[in-house]
**Student:** 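What follows is a structure written as C-alpha cells; I'll ask about it next.
All ligand and atom numbering here is 1-based and tracks the order in the structure.
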Amino acid sequence: MAVYDLTPVEVPPVETKYRRIRTKLPVPQSLPIFESLGRSEPRSMAGQPPIVWDKAEDFIVSDPWGNRWIDWSSGVLITNAGHGREEIRAALREVIDRGLLASYVFVHERRARLTEMLRALSPDPQKYRVFLMSTGSEATENCIKLSKTYGLQKHGPHKKYFVTFDYAFHGRTMGAQLAGGIEKQKQWMVDRDPSFVQVPFPDGYKNEDTSFDLFLKTLREKGVSPQHIAGVMTETYQGGGPDFLPAEYAQKLERLCREHDIVMCYDEVQAGFGRTGKMFGYEHYGVRPDLIACGKGISSSLPISAVIGREDIMGLYPPGSMTSTHSGSPLPVAAAIASLEIIQKEGLVERAARLGEILMAELRRIQQKHPQVLGCVQGKGLVAGIQVVKPGTKTPDPELALKINIACLQKGLLMFAPVGASGECIKIAPPLSIPEDALRESIGVLEEAVDEVLGRV
Ligand SMILES: Cc1ncc(COP(=O)(O)O)c(C=O)c1O
C-alpha cells in the first residue's frame, strides 16, 4: 500500500486555466482532518494522495484552500460522465424534493426506466434481464451465485467449478475474493473453497504465453474438466495493466463455454459505460457474455451496480429470493439514468475512443524517452497504465511509481495511488468528458514529472 508523507512541503506555485497549486502540500490546515481519520478509521482507509476533496466538477477536483487538480482518477473510475454533473444533480434534487429516498424493492417508476435502458444496452434486449444492487462486489458475487446455481440446477452437483484468472480483482467480499487472483488478499481465509480455480491471465507482458492452450493445460493440471465448470469470469481488462485479453483468446473461451454449457461472465465494473471506447469493454472481443457485472461508472456518482444477464439464468430464483435492501434505491437510480443520458447524448463513448488514441500515442512517446524504467504502456479508450520497473527488467518498482505519482500531484495532476500487484502501475483514467486541451495539458504534466523524477534517480 502506498504511504504518503504527511509533512507539508513547499512546492512551486502552479496557475493555468485548469490547475492551481498555491499552498504547501499536504496543506498544513488539512492535517487535523487526516489526524482525526487516523483516530477514527482503520488504517486500511488511508493510502490515497493526502488532499482533501471539497468540490469536484467535471474533470477538476478542488480542495478548500484554493488548489485545483485535473483529475485522472475519476474517483476510482466512477465518474465517466464527469464529476458532479448538473444534469445528475438536477435529477437527484427532483427525487429529494419528492421525499422518495428509500423504497426497498417496492416499485418506483425510475427503476423501470433504468432497467429498460440497461437491457437495451445488453447483447440481446429481448433475452436479457437486469438486477440492480449497490456495489461492484455484490454484482460479481451475484455472477458467482447465478453461475453455480445454473450448473447445479441444470446439470447437477458435479458442475461446480468457478474459473477465474491470476491477479484478478472482483471486489473485497468473500466470494469475490475467492474468485480473485491476488494471493495476499486471500490468506485470511486459511481454508479455500476448492471449487474456485484460477488460471494465468494472458496479458502478454508478465505472462508471455497468451495462447488459449495455457488455459486448457492449467485446468488439466488442476484436475478440472470443462464439463464440470459452472462458470468462468474475467475482468474485461485487469486493472493493474490495464491488461486486455487477446480477442482470439476471448473467442476461444466463448466457444469452450458454449460447448460445455458454462456460464460466461464478464466483470465490467471498471470497463463499462464507455471507459474503453466501447459502451462495454467486451465488445472489443466480439463475444456475448451470459452475465455482465456492472458498477462504478453506471451512475458517475452514487453507489449502484447491476448484473445484466441471460433471462434463463437471471430467472433461476423465484420472486422475493434474489433481492437486496437497496436494489433500485431511488437516488442512485435517478443518478444512473441521468449519467447514461449524458454518456449517450454527448457521445462520450466515441469520445473516449478518440481521445484514447491521443493519450496512447503520447504515453508511448514518453515511454520511449525512458524505456529502461517505463516497462510497459497499455490502454484503450480513456484507461491506460504505465508499469514502472527496475532498470532494464520487469521487476516492479513501486517506490519510483509513487515518486512520479507525488510529483504529478504537486503539479496539479491528480491520480489515485499506483495500482497493480506491487503498486507499480501508474493508472490513468480521467472522466470521459475531459476536453482535449485539458488532456494534452495533463499529459504534459506527467511528462514533466517523469523527466524530473528520473533526472533525480
Ligand atoms: C473489476 C472490478 N470488479 C469489482 C470491483 C468491486 O467493486 P466495489 O468496490 O464497488 O465493490 C472493482 C472495484 O474496484 C473492480 O475494479
**Student:** What do you reckon, does Gly136 have a nitrogen or oxygen under 3.5 Å from a nitrogen or oxygen of ligand 1?
**Tutor:**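 Yes.
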
**Student:** Does an N or O from Gln270, backbone or side chain, lie closer than 3.5 Å to an N or O of ligand 1?
**Tutor:**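 Yes.
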
**Student:** In the protein, what heavy atom is nearest to atom 1 (C) of ligand 1, and what distance, to one decimal place, separates them?
**Tutor:**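 Looking at atom 1 (C) of ligand 1, the protein heavy atom closest to it is Asp267 OD2, 3.3 Å.
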
**Student:** What about the rings of Tyr285 and Tyr249, do their centers lie closer together than 6.0 Å?
**Tutor:**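 No, the ring of Tyr285 stays outside the 6.0 Å limit from the ring of Tyr249, centre to centre.
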
**Student:** Would you compute the distance between atom OG1 of Thr210 and atom OH of Tyr205 and round it to the nearest 0.5 angstrom?
**Tutor:**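 The distance works out to 15.5 Å.
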
**Student:** Over 60° means perpendicular and under 30° means parallel, so tell me whether Tyr104 and Phe106 are parallel, tilted or perpendicular.
**Tutor:**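 Geometry flag for Phe106 against Tyr104: perpendicular rings.
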
**Student:** Please write down residue, atom name and distance for the protein heavy atom closest to atom 9 (O) of ligand 1.
**Tutor:**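 Looking only at protein heavy atoms, the one closest to atom 9 (O) of ligand 1 is Ser137 OG, 4.4 Å.
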
**Student:** Describe, in one word, how the ring planes of Tyr18 and Phe59 are oriented to each other, choosing from parallel (under 30°), tilted (30 to 60°) and perpendicular (over 60°).
**Tutor:**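 Plane angle over 60°, so perpendicular.
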
**Student:** Please determine which of Phe244, Phe165, Tyr237 meets the ring pair (Phe, Tyr, Trp, His ring centres under 6.0 Å) test together with Phe201.
**Tutor:**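 The ring pair (Phe, Tyr, Trp, His ring centres under 6.0 Å) with Phe201 is passed solely by Phe165 among Phe244, Phe165, Tyr237.
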
**Student:** Out of all atoms in ligand 1, which are within 4.0 Å of some heavy atom of Glu235? Include the element for each.
**Tutor:**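 Once the distances to Glu235 are compared, the set is 1 (C).
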
**Student:** At what distance, to the nearest 0.5 angstrom, does CZ of Arg110 lie from CE of Met117?
**Tutor:**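 Here the rounded value is 12.0 Å.
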
**Student:** Would Lys296 count as a contact residue for ligand 1, given that I'm defining contact as a non-hydrogen atom of the residue lying under 4.0 Å from a ligand atom?
**Tutor:**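 A heavy atom of Lys296 does come that close to ligand 1.
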
**Student:** Starting from atom 5 (C) of ligand 1, what is the nearest protein heavy atom, named by residue and atom, and what distance separates them?
**Tutor:**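 Atom 5 (C) of ligand 1 sits closest to the protein heavy atom Val269 CG1, 3.8 Å.
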
**Student:** I need the atoms of ligand 1 closer than 4.0 Å to a non-hydrogen atom of Thr135, numbered in the order shown.
**Tutor:**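 Reading through ligand 1 atom by atom, the close ones are 10 (O), 11 (O).
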
